[in-house]
S.K.: 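Have a look at the structure that comes next, please.
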Amino acid sequence: MLRSATPFQPPAPGAAILADAAGQALSTIDVWTISLDAGNADVVAAAAVLDAVERARAARFVFERDRTAFTIARAALRHILAGYVGLPADRVPLSTGTFGKPQLGAPCHLTGVQFNVAHSGQHALVAVTRQRAIGIDIEHVRPMHDLDGVAAIVLSPAEHRVFTDCTPDDGLAFFLGAWTRKEAYLKALGEGLARSPALLECSALLGGAETIRDPDDDSAARRWSVMTWCGADYRAALVAEGPLGTVTFK
């Protein structure tokens with residue numbers, strides 16, 4: 001079950017547990033759950049820790065709900081990362097990769113801290129680990145206007161055959177199961193939707209192991225680990241390079 005966290009609650013002292021005293025990488029993954037249900041005072045406080053680029057991006061959102069969600073999620077991300085890199089939230093250097101994936105900038109990139117963030121509806125998730133790629137996705141479960149059309153674009157041929165045999169409710173659950181896994185995987189790669197998700201296949205949805213099949217990487221099923229969970233109206237997926245190890249929900 002997804003749990004709500006205070007948007008500005010940073011890790012407690014000593015919570016930067018992704019390296020031991022010698023700085024050696026551990027397998028821990030922390031998953032932070034953030035509530036995006038915020039009042040005006042929360043939004044003002046959140047905006048205060050964003051940099052100029054982030055504030056400009058927030059201002060470009062047409063709808064206030066989207067602007068609020070981005071502002072709260074990005075501020076929470078900064079507060080969370082601050083606890084891992086030892087800097088104030090407003091001084092955490094953030095940059096983006098080739099396809100827009102957020103990442104730590106210099107000099108914090110030398111810490112080896114890797115993270116990913118996703119939000120949908122009233123929740124955001126932040127996954128943090130060290131020395132390996134990671135991706136996360138969350139989707140609000142709600143009726144989709146053109147589910148059949150979107151499924152034809154997102155699902156592999158084998159997945160689509162299973163989807164077409166589902167009832168409407170089961171079809172939506174099946175689609176979201178595929179979408180969150182694929183989105184988390186592509187985000188872990190740093191590619192986003194630069195590549196068609198229909199090229200990927202979620203073995204667990206076809207009766208197999210919890211792996212991702214990728215025609216561009218024969219080792220994907222061995223290289224990447226997948227974890228899924230859901231709340232009353234959310235589905236989420238986490239993809240990490242190597243064994244999952246310990247996953248702690250914050």
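In this chain, numbering begins with 1 at the start of the sequence shown.
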S.K.: Is the backbone N or O of Val162 less than 3.5 Å from a side-chain atom of Asp165, with the two atoms forming a donor-acceptor pair by type?
M.R.: no

S.K.: Can you tell me how the ring of Phe249 sits relative to the ring of Trp229, calling it parallel under 30°, perpendicular over 60° and tilted otherwise?
M.R.: perpendicular

S.K.: Give a yes or no answer on whether the side chain of Gln122 reaches the backbone of Asp37 with a donor-acceptor pair at less than 3.5 Å.
M.R.: yes

S.K.: Decide if the gap between the ring center of Phe175 and the ring center of Phe163 is smaller than 6.0 angstrom.
M.R.: no

S.K.: Please tell me whether Leu77 and Phe70 are part of a single hydrophobic cluster in this structure, the criterion being side-chain heavy atoms less than 4.5 Å apart.
M.R.: no

S.K.: Keeping the roles fixed (side chain from Arg181, backbone from Ala236), state whether a donor-acceptor pair exists under 3.5 Å.
M.R.: no

S.K.: When you measure from the side chain of Asn116 to the backbone of Ile136, do you find a donor-acceptor pair of N or O atoms at a distance under 3.5 Å?
M.R.: yes

S.K.: Quick check with a 6.0 Å cut-off and a 45 degree axis cone: is Arg65 positioned over the face of Phe63's six-membered ring?
M.R.: yes

S.K.: State whether Asp214 and Arg195 are salt-bridged, where the test is any N-O pair (Lys NZ or Arg NE/NH1/NH2 against Asp/Glu carboxylate O) under 4.0 Å.
M.R.: yes

S.K.: Linking I/L/V/M/F/W/Y whenever their side-chain heavy atoms sit closer than 4.5 Å, directly or via other members, would Tyr185 and Leu206 fall into one cluster?
M.R.: yes

S.K.: Are Ser120 and Arg142 close enough that some pair of their side-chain heavy atoms sits under 4.5 Å apart?
M.R.: yes

S.K.: Counting only N and O atoms by type, is there a donor-acceptor contact under 3.5 Å from the side chain of Lys250 to the main-chain atoms of Asp30?
M.R.: no

S.K.: Quick one: does Arg78's side chain have a donor or acceptor within less than 3.5 Å of a partner on Val92's backbone?
M.R.: yes

S.K.: Cluster question for you: counting only ILVMFWY and a side-chain heavy-atom cut-off of under 4.5 Å, with indirect links fine, are Phe61 and Val49 together?
M.R.: no

S.K.: Could you tell me which non-hydrogen atom of Leu172 sits nearest to which non-hydrogen atom of Val141, and how far apart they are?
M.R.: CD2-CG1, 4.1 Å

S.K.: Is Arg235 salt-bridged to Glu139, going by a charged N under 4.0 Å from an acidic O?
M.R.: no

S.K.: Can you tell me if Lys187 uses its side chain to pair, donor with acceptor, with the backbone of Val117 under 3.5 Å?
M.R.: yes

S.K.: Do Ser203 and Thr211 pass the side chain to side chain donor-acceptor pair (under 3.5 Å) test, and can you show the C-alpha distance, the side-chain angles, and the key distance before you say yes or no?
M.R.: CA-CA 6 Å; Ser203 300; Thr211 58; 3.1 Å; yes

S.K.: Is there a chain of hydrophobic side chains (I, L, V, M, F, W, Y, each step under 4.5 Å between heavy atoms) that links Val53 to Leu94?
M.R.: no

S.K.: Minimum heavy-atom separation for Ile212 to Ala220, with atom names?
M.R.: O-CB, 3.7 Å

S.K.: So which atom in Ala82 and which in Leu87 form the shortest heavy-atom distance, rounded to 0.1 Å?
M.R.: CB-O, 2.9 Å

S.K.: Would a distance-only check, ignoring hydrogens and angles, find a side-chain to backbone donor-acceptor pair under 3.5 Å from Glu159 to Cys202?
M.R.: yes

S.K.: Keeping Arg60 on the side-chain end and Ala58 on the backbone end, is there a donor-acceptor pair under 3.5 Å?
M.R.: no

S.K.: Any donor-acceptor pair under 3.5 Å linking the side chain of Glu241 with the backbone of Ala133?
M.R.: yes

